[in-house]
Amino acid sequence: QVQLVESGGGLVQAGGSLRLSCAASGGPFSGYGLGWFRQAPGKAREFVAAIRWSGGSIVYADSVKGRFTISRDSANNTMYLQMNSLKPEDTAVYFCAAERPSLYYNDPNSQGTYDYWGQGTQVTVSS
């Protein structure tokens with residue numbers, strides 16, 4: 001069974017940086033799609049970024065483009081989200097997610113694409 005565990009959240013001042021990690025187990029993960037989502041208090045969960053296990057097909061939400069970088073380390077089965085120039089509106093619980101290999105294209109921006117989810121890690125950005 002695939003398990004995902006996020007870490008690296010915390011409290012940071014506006015303009016600061018954090019790096020989130022998502023450790024995956026239960027693979028192999030060849031052909032998987034990976035994504036980061038976030039959910040702020042009182043708001044719906046929203047897409048942040050996605051990447052294929054191969055390292056390709058990277059996409060970002062417009063709200064984080066140019067500030068966040070998604071990557072993965074296949075040797076350590078870990079995905080990362082480097083977050084720079086953080087803003088108070090980035091405050092949320094951040095979740096990582098994994099999509100099993102599929103013969104069909106599934107929208108990486110959609111929560112329904114993903115089969116496995118982590119428990120989330122809190123990111124708080126103070127002004």
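All values reported here derive from a predicted model rather than from experimental measurement. Just so you know, these numbers use all the heavy atoms, side chains as well, and skip hydrogens, waters and symmetry mates.
- At least one side-chain heavy atom of L81 sits under 4.5 Å from a side-chain heavy atom of Y94.
- Residue I51 is grouped with residue V64 when hydrophobic side chains (ILVMFWY) are merged at heavy-atom distances under 4.5 angstrom, including chains of intermediate members.
- In this structure, the side chains of M83 and D90 stay at 4.5 Å or more apart for every pair of heavy atoms.
- Between V123 and T91 the shortest side-chain heavy-atom distance does not fall below 4.5 Å.
- The stretch residues 46-59 participates, sequence neighbours left out, in these salt bridge (Lys or Arg N to Asp or Glu O under 4.0 Å) pairs: R38-E46, R52-E99.
- Between the side chains of T113 and D107, not a single donor N or O lies within less than 3.5 Å of an accepting N or O.
- Put simply, the side chain of E6 gets close to the backbone of G120: a donor and an acceptor are under 3.5 Å apart.
- Looking at D62 and K65, a side-chain N of the basic residue comes within less than 4.0 Å of a carboxylate O on the acidic one, giving a salt bridge.
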Please assess F37 against F95 for the test ring pair (Phe, Tyr, Trp, His ring centres under 6.0 Å), listing each intermediate value before the final yes or no.
CA-CA 5 Å; F37 287 76; F95 299 89; 8.8 Å; no
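- Using modelled atom types, no side-chain atom of N76 and backbone atom of T78 make a donor-acceptor pair closer than 3.5 Å.
- Considering only heavy atoms from C-beta on, V93 stays 4.5 Å or farther from T121 through its side chain.
- Residues L20 and L86 share a hydrophobic cluster, clusters being chains of Ile/Leu/Val/Met/Phe/Trp/Tyr side chains in contact below 4.5 Å.
- Of the possible donor and acceptor atoms, none in the side chain of Y116 sits under 3.5 Å from a partner among the backbone N and O of A24.
- For the pair D115 (side chain) and R100 (backbone), a donor-acceptor distance under 3.5 Å is present.
- S71 has its side chain out of reach of Q82: every pair of non-hydrogen atoms, C-beta onward, lies at least 4.5 Å apart.
- Annotation: the span from R67 atom CZ to S85 atom OG amounts to 7.0 Å, rounded to 0.5 Å.
- Here the OG atom belonging to S126 is positioned 5.0 Å from the CG atom belonging to L11, to the nearest 0.5 angstrom.
- Shown here are the side-chain contact (heavy atoms from CB on, under 4.5 Å) partners of S25, two or more places apart in sequence or in another chain: Q3.
- Of the possible donor and acceptor atoms, one in the side chain of Q111 sits under 3.5 Å from a partner among the backbone N and O of R45.
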Evaluation steps, side chain to side chain donor-acceptor pair (under 3.5 Å), between Q122 and T124:
CA-CA 6 Å; Q122 176 70 47; T124 303; 3.3 Å; yes
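- Interatomic distance, R72 CZ to C22 SG, rounded to the nearest 0.5 Å: 13.5 Å.
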Ring pair (Phe, Tyr, Trp, His ring centres under 6.0 Å) assessment of F68 paired with W36
CA-CA 11 Å; F68 290 11; W36 286 100; 9.8 Å; no
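- A single hydrophobic cluster is seen to contain both V2 and L34, as judged by linkage of ILVMFWY side chains at heavy-atom distances under 4.5 Å, directly or through other members.
- Proximity of K87 to V125: side-chain heavy atoms (C-beta onward) are nowhere separated by under 4.5 Å.
- What you find for W53 and S74 is that their closest heavy atoms are CZ2-CA, 3.7 Å.
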Begin from the C-alpha positions of N77 and F29 and carry the test side chain to side chain contact (heavy atoms under 4.5 Å, CB included) through to its verdict.
CA-CA 8 Å; N77 287 351; F29 296 103; 3.8 Å; yes
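- What you find for S127 and P88 is that their closest heavy atoms are CB-CG, 3.8 Å.
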Between V48 and Y60, is the side chain to side chain contact (heavy atoms under 4.5 Å, CB included) condition met? List the steps.
CA-CA 6 Å; V48 175; Y60 296 99; 6.0 Å; no
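- For the atom pair OG of S21 and CG of D73, the computed distance is 10.0 Å after rounding to the nearest 0.5 Å.
- The shortest side-chain heavy-atom distance between Y32 and P101 falls under the 4.5 Å cut-off.
- Across every non-hydrogen atom of C96 and M79, the tightest pair is CB-CE, 3.6 Å.
- Here Y104 is tied into one hydrophobic group with L103, each link being a pair of ILVMFWY side chains closer than 4.5 Å.
- When all heavy atoms of N84 and S17 are compared, the closest pair comes out as OD1-OG, 2.9 Å.
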